[in-house]
Student: 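This is the structure I want to talk about, given as structure tokens.
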Amino acid sequence: MQVLKHFFDNNKNWAATIKKSDPDFFSKLANQQRPEYLWIGCADSRVPANEIVNMLPGEIFVHRNIANVVVHTDLNCLSVIQYAVEVLKVKHIIVCGHYDCGGITAALENSEHGLIDNWLRHIKDVYRFHQEEIDAQPSEKKRLDRLCELNVIEQVANVCHTTMVQNAWKSGQGLAVHGWIYRVSDGILRDLNVCTTGIQDIPLVQRIA
Ligand code: CO
């Protein structure tokens with residue numbers, strides 16, 4: 001008995017459909033991956049990177065975690081950034097958050113959620129940095145929405161402050177870091193207009209000479 005048989009059936013159908021439009025698709029992919037984009041997004045099942053921008057396997061290098069957080073000491077995320085920037089030489093890093101993010105909502109609560117509370121502390125930090133602005137929002141929903149946006153903006157900064165990204169800029173490698181947000185309820189992606197393309201765009205104290 002094959003467990004989760006429908007997964008394997010779906011996969012066969014999916015592969016056959018792609019092969020029908022491009023018979024060499026998988027053999028070409030097997031030779032190498034050359035994505036131009038690194039996507040750092042939320043693990044939420046409703047925000048699958050490739051699907052929402054209609055891209056095929058091979059086009060986006062993806063890292064996802066709860067609430068799309070880029071932590072200075074997270075070897076997992078830092079390794080993904082290093083590989084994407086130094087080996088794949090991606091041209092764009094996209095931090096993509098989403099409204100109605102469970103991680104963001106949990107971070108604004110006072111209840112205990114177990115181990116994950118340690119991860120959510122990073123989002124509570126984002127709230128602390130922007131408390132005045134968030135508390136000035138007219139409703140609880142708007143407070144949450146703004147924290148979702150500000151969390152993306154903070155994580156864009158965290159990406160830009162890594163040694164990997166700064167070294168890429170120093171060596172003249174073209175690399176843009178973007179902050180986007182997706183709304184689950186309408187399927188639409190929005191640009192938060194915080195695109196950062198060089199060391200001149202980051203605060204002096206964060207620059208590594
Ligand atoms: Co989320």
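We count ligands from 1, going down the list as the structure has it; atoms in each ligand are counted the same way. Hydrogens, waters and symmetry mates are skipped; everything else that's a heavy atom, side chains included, is used.
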Student: I'd like to know if D22 pairs up with K28 as an ion pair, taking the criterion as any Lys NZ or Arg NE/NH1/NH2 lying under 4.0 Å from an Asp or Glu carboxylate oxygen.
Tutor: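 Looking at K28 together with D22, the answer is yes, because their closest N to O distance falls below 4.0 Å.
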Student: Using modelled atom types only, decide if a donor and an acceptor are shared between the side chain of N50 and the backbone of L56 within a distance under 3.5 Å.
Tutor: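 Pair found, side chain donor or acceptor close to backbone of L56.
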Student: Are E154 and D125 side-chain neighbours, meaning at least one heavy-atom pair lies under 4.5 Å?
Tutor: no
Student: Under 2.8 Å from the Co ion (ligand 1), which protein atoms of type N, O or S occur, listed by chain and number?
Tutor: C42 SG, H98 NE2, C101 SG
Student: Once the angle between the rings of H178 and W180 is folded into 0 to 90°, is it parallel (under 30°), tilted (30 to 60°) or perpendicular (over 60°)?
Tutor: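 Correct class here is tilted.
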Student: Thinking salt bridges, do D117 and R121 make one under a 4.0 Å N-O criterion?
Tutor: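 Salt bridge flag = no for R121 with D117.
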Student: Surrounding NZ of K91 (heavy atoms of other residues, nucleotides or ligands, distance under 6.0 Å), is the total greater than 12?
Tutor: no
